[in-house]
Amino acid sequence: MSLINNQIYQTFDELEEGQVFNSGGRTITETDVVNYCALTGNWIAIHSNTLYASKTRFGKRLVQGALTYSIATGLIQFGLGIQANYGIDNMRFLKPVLIDDTVFAKATVIGKKVKDEKYGVIQFLMQVLNQDGDVVQQGEWSLLMLRKREDLDALVASTLPAPKKA
């Protein structure tokens with residue numbers, strides 16, 4: 001098995017509890033933090049004011065927790081079987097993430113619930129680890145997924161262009 005297996009292209013029925021997906025790393029930069037401040041309006045001093053942040057218990061500016069979460073959701077690549085984000089429970093910010101930290105995502109299947117014949121809700125424990133292996137953030141992420149491979153294949157086929165007849 002590969003050390004990095006961050007692509008989840010399975011359907012609900014194909015995933016198993018206990019299955020683990022791991023990403024490679026991504027360094028969070030100054031540009032990421034400033035762009036996130038501008039995009040969201042989150043100019044809270046601990047993220048945007050170096051002098052202020054230097055006087056806090058952390059001694060440096062912190063990366064926004066929501067930015068860390070957003071990056072983690074991109075590090076684990078979800079395929080077309082995902083139909084909707086169903087919710088995030090028990091999100092915890094366990095340790096600070098600093099500018100220039102490298103983060104990794106780990107998604108573990110912790111639950112499955114059949115919704116109906118076509119859909120199921122899969123629950124992942126999403127963890128973000130830093131370069132030292134510390135879990136800095138975690139939460140339980142529920143996603144609505146297509147259950148069957150044939151339903152996913154039919155959906156994908158319906159979105160592809162048909163070849164023109166000569």
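Both backbone and side-chain heavy atoms feed into the values below; hydrogens, waters and symmetry mates do not. When a residue number appears, it is its place in the shown sequence, counting from 1.
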Looking at every non-hydrogen atom in both residues, tell me the closest pair between [X] and [Y] and how far apart they are.
X	Y	value
Gln19	Gln10	NE2-NE2, 3.4 Å
Phe93	Gly65	CE2-CA, 3.5 Å
Gly87	Asn85	N-OD1, 3.0 Å
Leu75	Ala105	CB-CB, 3.9 Å
Leu62	Pro96	CD2-CB, 3.6 Å
Gly81	Leu152	N-CD1, 3.7 Å

Separation of [Y] [atom2] from [X] [atom1] (nearest 0.5 Å):
X	Y	atom1	atom2	answer
Ile4	Ser23	CD1	OG	7.0 Å
Thr11	Leu146	OG1	CG	8.0 Å
Glu17	Gln123	CD	CD	9.0 Å
Ile8	Leu15	CD1	CG	6.5 Å
Ile99	Glu30	CD1	CD	4.5 Å
Ile71	Arg26	CD1	CZ	4.0 Å

Donor-acceptor contact present, side-chain [X] to main-chain [Y], <3.5 Å:
X	Y	answer
Asn22	Asn5	no
Asp134	Val136	no
Arg61	His47	yes
Thr108	Ile110	no

Kindly indicate, with the supporting measurements, whether the criterion side chain to side chain contact (heavy atoms under 4.5 Å, CB included) is fulfilled by Phe12 and Val114.
CA-CA 9 Å; Phe12 175 89; Val114 172; 3.9 Å; yes

Any salt bridge linking Lys60 with Asp101? Criterion: basic side-chain nitrogen under 4.0 Å from a carboxylate oxygen.
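No, Lys60 and Asp101 are not salt-bridged.
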
Do Lys148 and Asp13 sit within salt-bridge range, that is, some charged N less than 4.0 Å from a carboxylate O?
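The answer is no: the pair does not qualify as a salt bridge.
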
Before giving the answer on side chain to side chain contact (heavy atoms under 4.5 Å, CB included), spell out for Gln137 and Val97 the whole-Å C-alpha distance, their side-chain angles and the decisive distance to 0.1 Å.
CA-CA 9 Å; Gln137 188 178 108; Val97 177; 5.8 Å; no

Validation row: [X], [Y] side chains within 4.5 angstrom (heavy atoms):
X	Y	value
Val121	Lys112	no
Val33	Leu67	yes
Tyr9	Gln77	yes

Does the pair Gln83 and Leu155 meet the rule for a side chain to side chain contact (heavy atoms under 4.5 Å, CB included), with working shown?
CA-CA 11 Å; Gln83 300 297 291; Leu155 175 60; 3.9 Å; yes

Do the side chains of [X] and [Y] join up, straight or via other hydrophobic residues, at under 4.5 Å, putting them in one cluster?
X	Y	value
Phe21	Val135	no
Met91	Ile122	yes
Leu143	Ile88	yes
Met126	Met145	yes
Val109	Ile82	yes

Of Phe78, Trp141, Tyr86, which is the lone residue that meets ring-ring contact (aromatic ring centres under 6.0 Å, His included) with Phe124?
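Only match with Phe124 under ring-ring contact (aromatic ring centres under 6.0 Å, His included): Phe78.
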
Given side chain to side chain contact (heavy atoms under 4.5 Å, CB included), test Val128 with Phe104 step by step and report yes or no.
CA-CA 6 Å; Val128 181; Phe104 303 78; over 6 Å; no

Atom CG of Leu80: over 12 foreign heavy atoms under 6.0 Å:
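No, not enclosed.
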
